[in-house]
Amino acid sequence: MLASFYYSGYGGYLIWMLPIVILSAVASAAVQSNYKKYSKVLTRRGMTGAQIAEQILQANGIYDVTVKKIPGNLSDHYNPKEKYIGLSGGVFDSTSVSALGIAAHEAGHAVQYHEGYAPIKFRNALVPVTNFASTFSWILIFIGLLLSEIVALAGVVLFGVTVLFQLVTLPVEFNASNRALAVLEGGYLDEEELAGAKKVLTAAAMTYVVALLTSLLQLFRYLIIISGNRRRR
Ligand SMILES: [Zn+2]
């Protein structure tokens, strides 16, 4: 009785989600605080985020990708379809440790595409399937719980695709950060500045780890709900 309350009821849901909610909050607070802290530390060479991104593109022989300023805060990304590196105002024009770390990371994604880095190709191939899976997996699980366990399990397998997507995201993100740090180490940042950039990028990477953990826990929870449903039948 108590066990079934913990595992399936609303109280159960809260207990499952609490560690994740805390972990997500800690991870995003770490991103914000590191970003803020190292946005105030200006690099001695005085190069801006936009300039470092341009330099990395040129050094890798990439001439069809532009660097542009985009609205928002921490909204920086690489858009492979439209071939641009979008840098927020706090990165594009800034000469801070945060700006250089983030700009070099996004440029790292452009280099990954240029080189045909396998995990990013695989991750992209998964995007449409993942969108489908995240919409339909829970519907299948819901219907399956009412009608048939096979349908529910099919929903769990479909949900597994979203977990796989998040798993493949990890090497892509870690690799982009490693590329960024290697470039920055080669003459753009001194030792102290580099340590700061590493903190900013590590905090950002942790949010992807937390996202994966969240999905894994959700997957596990679905399986427990399905097996609890079996016992009740
Ligand atoms: Zn990234």
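All heavy atoms count here, side chains included; hydrogens, waters and symmetry mates do not. Numbering of ligands and ligand atoms starts at 1, following listing order.
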Check: Taking 2.8 Å as the cut-off, does an N/O/S atom of His77 lie below it from the Zn ion (ligand 1)?
Finding: no

Check: Which single N/O/S atom of Glu173 lies at minimum distance from the Zn ion (ligand 1)?
Finding: OE1

Notebook entry, point to check: Would Val163 end up clustered with Ile226 when hydrophobic side chains under 4.5 Å apart are linked, directly or stepwise?
Noted result: yes

Checklist line | From CD1 (Ile225) to CZ (Phe220), nearest 0.5 Å | finding: 11.5 Å

Note to self: For a distance under 2.8 Å, tell me if Glu106 has an N/O/S atom near the Zn ion (ligand 1).
What the structure shows: no

Check: How far apart are the closest heavy atoms of Asp93 and Thr48, and which atoms are they?
Finding: O-CG2, 3.6 Å

Check: Is any side-chain heavy atom of Val172 closer than 4.5 Å to a side-chain heavy atom of His109?
Finding: yes

